[in-house]
Amino acid sequence: MNYVLDKIATRVYVLLFLLVGLVGNSQSHPKLILTKTGVQKIRENLGKVPLFDASLQKVKEEVDAKIILGIDVPIPKDYSGGYTHEQHKRNFLMLQKAGVLFQILQDEKYAVYVRDMFLQYEAMYKNLSIHPKERSYARGKLFWQCLNDSNWLVYASQAYDCIYDWLSKKERDILEKNLFRPFADFISVKNPQFFNRVHNHSTWGNAAVGMIGLVMGDDDLVNRALYGIKNDGLNTTAKDNDGGFIKTDGKAGFLANLDEPFSPDGYYTEGPYYQRYAMYPFLIFAVALNNVEPELKIFEYRDSVLLKSVKTLVNLTDKDGEFFPINDAQKGMSYFSRELTTAANIAYHYGIQDAELLGVARKQNRVVLDDSGMAVAKAIAQDKTTPFIKNSVRYTDGPKGKQGGIAVLRKQDLELVFKYTAQGLSHGHYDKLSFMLYQDGEDVVQDYGMARFVNIEQKGGGNYLKENKTWAKQTIAHNTLVVDETSHFNGKYEIGSKHHSKEYFFDISDSKVHVVSAKEENAYPGIAMLRTMAMIESEELDSPFVLDILKVASDKKHNYDLPIHYMGQVIHTNIPYDVPEQIEPLGNKNGYQHLYLEVKGNSNFQDGKLTWMRNNKFYTWTSNAKKEDEFLFTRLGANDPEFNLRRDASTILRRKESQNTTFVSTIESHGSYSPVTELSTNSKSKIKELKIALDTDLYTAVTLEHTNGKLGLFVVSNQDSSVEKIHKLNINETEYQWKGPYHFVDFKP
């Protein structure tokens, strides 16, 4: 029986583990991330492995420059982006790097630097009060929140391990008594609302307490890190400053944070931006456990979910390696971050030595200075690298993979991201069945991401802005259906966290047509949505196009809004519109208060078309419209006196007083413009008309007419997603038969 897969056996082992002490505690240091044997091998290979040598030289130059400047340990007072916050952040990064340099280069100046900085922290910390900024649900001491204090201890524990044997016993006793143990207690037993939950915050706290416990040989701290605090006294109504509930029904500790947020596919429910952030403590603590207590076999836990998650995370990036901004996410974060350098190195070294991860490491052009970094650098030097190939893929959400998921359809240089996940904990947005579209690494139809300027002090101390709740999390900020101008689950976390969308089918078996379909039945009472999105290659079109079918079934009439948040300059629209005398906000709540209504148009019995240009490429959205449909051209920025929101544009298809209805649209990429030659090619859409040929409870069929007169057909089965089901259907006096949940007929005469 695999040891770690049996939780009961694991808990029994931990009891024994506490009685006899950690086996690894008898080891000499370093033993956490670096090991005696590993350091010796690194020293033997210096000058022989170019990427490792270059990475080492860069870190050496950085730390040497900091040593010359001297040590600065200021009294904490600032939010993110402020001087004291950023200085303590620089300090913990330098501590870790200096410790590694001491081990590899055997130059005592680095050990002296680490020791002296630790002693300055010890002198300050033993009399340090709680941080003066009061915004956080769990205020730290060095930083405004315990999360950043935990960052500090995760890195500092590695530095302490590196100089542990070099320090005198007296120095170790002083540091452990006045700094490290009080620090670990503060972020855990004194802040259980931070430590004892399932969230990326707690993962950092668990790793911090566990890693310093491993260095010091403190079994109680390690057990606390793995399983959380017993009898923490938390109530079920407490919330953090992101609106998420703190109590997690007794689930706490590092293993709970491996059990709950990760799906079996390695998808992290908070989304790739926060998965990237959490991967560092997840993996670095796992390496420490692997080195000090190998019997835990932590890298085998849940079918090696940690190692598996690294490739999942890389797959959730665009062509340029930037993470898709799902839930709270800062656009532009990428796998070039330091966390992903560590993740790629560890996953390669402790996993199956996947050559595609070497492709990522080669692009990052640096490695971490430990055993895993040396292994990656050696493999690259031996030319074992292969490119990381991103294909269409689907990942499930939820600990058992039963809480919806996320799909990425890829063809040529287009990427369609379709989200039908669970809520995503407190960082989740209210946007079931939403999508975003990329071409060549640029977002064409965007997700806004989060309203936050990370570590920019002038913008709310670098923290989340109020517009994150009033705009970014609201449903109208995303490309999905809004009913009666209210957000999914009424924008309530306690409701949204109970529900998830359901995958209907995902099919990429046809090289020309990739399709994903999902259902949402809880976002609005009495309303069920089925959205099917396909990326289709056709001989009649220059690029693949997107077909979107959104079927809505309701128990009564509602007003429906379907926005598309396009990126670029409007080139043309066929929609007749009126310009209001005065531009005013579209609504007064649920995100609508932030949208200016610039113009309003009507369908006029024809498909609505909008063509825009982005990076000298043309795109056209064609929407099958009903007689009374309205098209609202909007721009972000209303009720935003501090300019916290970007002035992005969008178009909303509004359908009033409807009950059961179906929205159908296409998005084409076509042609280009050259500013040098001043010539445009293929600037017009080639899809002339969309028609709903059949729409019943059982089937929806759409015909697409090309400008050359040829017709295409797409049919989806609305109630049977079996890949074995044989369907027969008469459409426009033509008999069609096919197998599986959908059928596509390319443009033909």
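Residue indices begin at 1 and follow the sequence shown.
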Parallel, tilted or perpendicular: rings of [Y] and [X] (30°, 60°):
X	Y	value
Tyr121	His88	tilted
Phe285	Phe254	perpendicular
Phe489	His499	parallel
His199	His427	tilted

**Cation-pi check, Arg276 onto Tyr335 ring (under 6.0 Å, within 45° of axis)** = no

For [X] against [Y], the heavy-atom pair lying closest together:
X	Y	result
Val305	Ser263	CG2-O, 3.6 Å
Ala361	Asn345	CB-ND2, 4.3 Å
Asp328	Ser426	OD2-O, 4.4 Å
Ala472	Tyr448	CB-CD2, 4.2 Å
Gly205	Phe195	O-CE1, 3.3 Å
Ser202	Asn257	CB-ND2, 4.0 Å

**Message:** If the condition is side chain to side chain contact (heavy atoms under 4.5 Å, CB included), which residues does Asn455 pass it with, not counting sequence neighbours?
**Reply:**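 Here the qualifying residues are Ser80, His85, Glu86, Lys89.
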
**Item:** Non-neighbouring partners of Ala208 that pass side chain to side chain contact (heavy atoms under 4.5 Å, CB included), sequence neighbours left out
**Value:**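 Partners of Ala208 by the side chain to side chain contact (heavy atoms under 4.5 Å, CB included) criterion, ordered by chain and then number, come out as Ser150, Leu153, Val154, Ile187.
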
**Complete:** Between Lys308 and the options Asp303, Asp265, Asp354, the salt bridge (Lys or Arg N to Asp or Glu O under 4.0 Å) test singles out Asp303

Drop me the distance from [X]'s [atom1] to [Y]'s [atom2], to the nearest 0.5 angstrom.
X	Y	atom1	atom2	value
Met333	Tyr277	CE	OH	10.5 Å
Ile326	Asp431	CD1	CG	9.0 Å
Asn327	Met450	CG	CE	11.5 Å
Asp161	Leu214	CG	CG	9.0 Å
Ser136	Ile130	OG	CD1	8.5 Å
Ser337	Phe323	OG	CZ	5.5 Å

Is the distance between the ring centroids of [X] and [Y] under 6.0 Å?
X	Y	value
Tyr164	His29	yes
Tyr274	His201	no
Phe262	Tyr267	no
Tyr280	Tyr155	yes
Phe418	Tyr420	yes

**Message:** Show, in sequence, the C-alpha distance, side-chain angles and deciding distance for Tyr430 and Tyr493, and conclude whether the ring pair (Phe, Tyr, Trp, His ring centres under 6.0 Å) test is met.
**Reply:** CA-CA 9 Å; Tyr430 304 99; Tyr493 174 82; 8.0 Å; no

**Request:** Kindly indicate, with the supporting measurements, whether the criterion side chain to side chain contact (heavy atoms under 4.5 Å, CB included) is fulfilled by Ile346 and Asp371.
**Result:** CA-CA 9 Å; Ile346 290 174; Asp371 298 6; over 6 Å; no

**Message:** Out of the candidates His478, His429, Gln474, only one should pair with Ser487 under the side chain to side chain donor-acceptor pair (under 3.5 Å) rule; please name it.
**Reply:** Gln474

Does any part of the side chain of [Y], heavy atoms only, come nearer than 4.5 Å to the side chain of [X], both counted from C-beta?
X	Y	result
Asn291	Lys31	no
Leu179	Lys126	no
Asn91	Val73	yes
Val59	Val100	no

**Prompt:** Is it true that Lys251 and Glu260 have a side-chain N and a carboxylate O under 4.0 angstrom from each other?
**Reply:** yes

**Message:** Under 4.0 Å between a side-chain nitrogen and a carboxylate oxygen: does that hold for Lys502 and Glu520?
**Reply:** no

**Qualifying salt bridge (Lys or Arg N to Asp or Glu O under 4.0 Å) pairs with a residue from residues 177-193, counting only residues at least two apart or across chains** = Glu176-Arg181, Arg181-Asp218, Asp185-Arg224

